[in-house]
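Each ligand, and each atom within it, is numbered from 1 in the order the structure gives. The basis for the numbers below is simple: all heavy atoms, side chains too, and nothing from hydrogens, waters or symmetry mates.
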Amino acid sequence: MTDDNAPKPRFAPRVFSGIQPSGGLTLGNYLGALKRFVEKQDEGIETIYCLVDMHAITVWQDPAKLRHATREAAAAFIAAGIDPERSVLFNQSQVGAHAELGWVFNCIARLGWMNRMTQFKDKAGKNAEAASLGLYAYPALMAADILLYHATEVPVGDDQKQHVELTRDIAAKFNHDYGVEFFPLPAPVIEGAATRVMSLRDGTKKMSKSDPSDASRINLTDDADAIAQKIRRAKTDPDPLPDAVEGLEGRPEARNLVNIYAALAGSTPAAVLDEFAGQGFGAFKPRLADLAVDRLAPISREMARLMADPAEIDRILARGADRAEAIARPILERTFEIIGMVRSRG
Ligand code: AQP
């Protein structure tokens, strides 16, 4: 029975998240983000998913490769289970409101906040002077991506938690400065056994699509042989698997492979160790490879099928962009009114 007197949430539940088409998607993107996006869609919440091509160009992208990666990422979303009828699926640059609200948020975010963003430090590295201004401003554009839809939930991998928290700070400061309750404070949703999939070559480094070493990651386009070979060659240690999760302490590579297994199997690291305790990687890796191929091969097959018709992918993105624009534009217009911009074009 519903309680009619219970306070109504001010914002309806709405999910927004995105992935950069800055290369082919990896197992990390799949387990940390894409798989979760599908689960959210299937929970029946309104879901909006974006290929954030404007974020991708914060570091140099070859134009032909960017176009290809954007279509391929769209194919990956659909192959993984995103239904473009039930979810809104589009690429960011087709909805100009993202850049417009991004500018407004550049004027809300404080330099002190941006200076604390660890991803900028990681990506800019030692040569921060040569990094683009866009790379520095990236989190303000990401806040715009989310708040443009009044999204309340943002499924992300662990590495993006700080950016979603910054989004909350930007929303709160906007609301406070203008004396409104206009933007929701969205919550990061970081769940599952593999919220931070690590490199297969270095268990202390995140698996990343832009890592120069292809052996460090599993790509969603890898065939069964490539997946098996990368797992066989993944860095490990000589000890057998422990019988409890605490035994993975100080063994980042072992922990990573156990987490990947658990996430692919829809299980938990503890249950995986129950099954494999005492076994070495010689026994564990082939089982992990079989599981990975079993889960990923249907996705890469479907991606290949979809990529044979790029015009259809473009049509899906165009339709998604129209639907996204219909939600975003009124929110942007209201934002401009709140901040005192004259809007006289009707
Ligand atoms: N290794 C990972 N484990 C779990 N989740 C991950 N994500 C990325 N890598 C992992 C999640 O995927 C979503 C999209 O990420 P992104 O493409 O916007 O950028 P990113 O986080 O910087 O990912 P990459 O692969 O490392 O991209 P590049 O190499 O271009 O910088 C996010 O939800 C992210 O958490």
Side-chain angles (χ1 to χ4, degrees), residues 15-40 47-62 65-66 69-70 72-74 76-77 80 82 89 91-92 98 117-125 131-132 134-135 138-139 141-143 145-146 151 153-167 186-214 216-221 230 234 252-253 255-257 259-260 262-264:
V15 169
F16 177 93
S17 198
I19 293 190
Q20 297 184 72
S22 45
L25 302 197
T26 69
L27 180 66
N29 296 130
Y30 176 65
L31 293 176
L34 201 42
K35 191 163 177 287
R36 318 291 336 291
F37 296 175
V38 177
E39 288 160 10
K40 282 284 166 197
T47 41
I48 302 173
Y49 295 126
C50 185
L51 308 167
V52 286
D53 46 10
M54 305 223 297
H55 286 277
I57 61 160
T58 56
V59 297
W60 164 254
Q61 302 294 330
D62 173 87
K65 286 189 184 149
L66 177 61
T70 304
E72 192 180 77
F77 273 62
I82 295 299
L89 176 63
N91 60 312
Q92 184 186 27
H98 287 250
M117 295 298 111
T118 56
Q119 192 183 73
F120 176 76
K121 291 180 196 158
D122 292 346
K123 290 199 171 177
S132 73
L135 189 65
Y138 176 125
L141 179 59
M142 177 164 159
D145 300 336
I146 296 165
E153 293 178 41
V154 189
V156 280
D158 186 56
D159 63 309
Q160 290 293 340
K161 183 166 182 243
Q162 195 185 32
H163 289 168
V164 183
E165 283 165 356
L166 183 94
T167 299
V189 182
I190 303 169
E191 290 166 350
T195 56
R196 195 177 191 88
V197 177
M198 308 310 279
S199 158
L200 299 179
R201 309 301 304 163
D202 176 353
T204 62
K205 239 173 90 183
K206 192 183 74 135
M207 183 182 285
S208 173
K209 55 177 116 67
S210 58
D211 191 312
S213 162
D214 189 59
S216 71
R217 62 176 165 265
I218 292 173
N219 305 299
L220 292 188
T221 49
K230 285 176 179 177
E253 285 84 16
R255 179 192 293 275
N256 188 37
L257 295 188
N259 286 350
I260 291 173
L264 286 170

- Query: To which protein heavy atom is atom 32 (C) of ligand 1 closest, and what is the distance rounded to 0.1 Å?
  - Reply: Q160 CG, 3.8 Å
- So the atoms of ligand 1 within less than 4.0 Å of a heavy atom of G18 turn out to be 14 (C)
- Carboxylate-amine/guanidinium proximity below 4.0 Å for K230 and D214: yes
- Out of A69, G28, A194, indicate the one that has the non-hydrogen atom closest to atom 6 (C) of ligand 1. G28
- State whether the shortest distance between N or O atoms of Q20 and N or O atoms of ligand 1 falls below 3.5 angstrom. yes
- Under a 4.5 Å cut-off applied to non-hydrogen side-chain atoms, are I57 and D53 in contact? no
- Counting from 1 in the order shown, the ligand 1 atoms closer than 4.0 Å to a non-hydrogen atom of G32 are 4 (C), 5 (N)
- Message: Give me the nearest non-hydrogen protein atom to atom 31 (O) of ligand 1 as residue plus atom name, then the distance to 0.1 Å.
- Response: K123 NZ, 2.5 Å
- Item | N or O contact, G157 vs ligand 1, cut-off under 3.5 Å | yes
- Item | Whether L31 lies under 4.0 Å from ligand 1, heavy atom | no
- Item | Results of side chain to side chain donor-acceptor pair (under 3.5 Å) for K121 - residues two or more places apart only | none
- Of all the non-hydrogen atoms in the protein, which one sits nearest to atom 12 (O) of ligand 1, and at what distance? N29 ND2, 3.1 Å
- Task: Output, in order, the C-alpha distance, side-chain angles, deciding distance and verdict of side chain to side chain contact (heavy atoms under 4.5 Å, CB included) for N29 and L220.
- Result: CA-CA 9 Å; N29 296 130; L220 292 188; over 6 Å; no
- Message: Test your reading of the structure: does K209 have an N or O sitting under 3.5 Å from an N or O of ligand 1?
- Response: yes
- Query: What closest approach, in Å, do A76 and L25 show between heavy atoms, and which atom pair accounts for it?
  - Reply: CB-CD1, 4.0 Å
- Side chain proximity check, S208 to T26, heavy atoms < 4.5 angstrom: no
- Task: Without swapping roles, check the side chain of S199 against the backbone of K205 for a donor-acceptor pair under 3.5 Å.
- Result: no
- Flag side-chain contact, heavy atom, 4.5 Å: M207 against L200: yes
- Query: What protein heavy atom sits nearest atom 30 (O) of ligand 1, and how far off is it?
  - Reply: S22 OG, 2.6 Å
- Query: Going by distance only, is there an N or O of S17 that falls short of 3.5 Å from an N or O of ligand 1?
  - Reply: no
- Looking at R196, which atoms of ligand 1 are within less than 4.0 Å of one of its heavy atoms? 3 (N), 4 (C)
- Item | Identity and distance of the protein heavy atom lying nearest atom 21 (O) of ligand 1 | D159 OD2, 2.6 Å
- Should M198 be counted as touching ligand 1, given the test is an N or O pair under 3.5 Å? no
- Query: Who gets closest to atom 13 (C) of ligand 1 by heavy atom: C50, S199, P21, A33?
  - Reply: A33
- Query: Looking only at protein heavy atoms, which one is nearest to atom 28 (P) of ligand 1, and how far off is it?
  - Reply: S210 OG, 3.4 Å
- E253 side-chain N/O to G203 backbone N/O, donor-acceptor pair under 3.5 Å: yes
- Message: Does ligand 1 come near enough to V197 that some N or O of the ligand is less than 3.5 Å from an N or O of the residue?
- Response: yes
- Query: Quick check: does D158 get an N/O under 3.5 Å from an N/O on ligand 1?
  - Reply: no
- Query: Numbering the atoms of ligand 1 from 1, which are under 4.0 Å from a heavy atom of Q119?
  - Reply: 22 (O)
- Are any non-hydrogen side-chain atoms of T58 and K123 less than 4.5 angstrom apart? no
- Across all chains, not counting sequence neighbours, the salt bridge (charged side-chain N to carboxylate O under 4.0 Å, His left out) partners of R201 are none
- Task: Just need the protein heavy atom nearest to atom 9 (N) of ligand 1, so name the residue and atom and give the distance.
- Result: K206 NZ, 3.4 Å
- Task: Using the side chain to side chain contact (heavy atoms under 4.5 Å, CB included) rule, take V154 and Q160 through it: C-alpha gap first, then chi angles, then the decisive distance, then the call.
- Result: CA-CA 10 Å; V154 189; Q160 290 293 340; over 6 Å; no
- Query: Taking non-hydrogen atoms only, is T195 closer than 4.0 angstrom to ligand 1 via side chain, backbone, both or neither?
  - Reply: backbone
- Message: Please evaluate residues Q162 and T118 with respect to the criterion side-chain hydrogen bond (donor to acceptor under 3.5 Å, both in side chains), reporting the C-alpha separation (whole Å), side-chain torsions for both, the decisive distance (0.1 Å), and the verdict.
- Response: CA-CA 8 Å; Q162 195 185 32; T118 56; 3.2 Å; yes
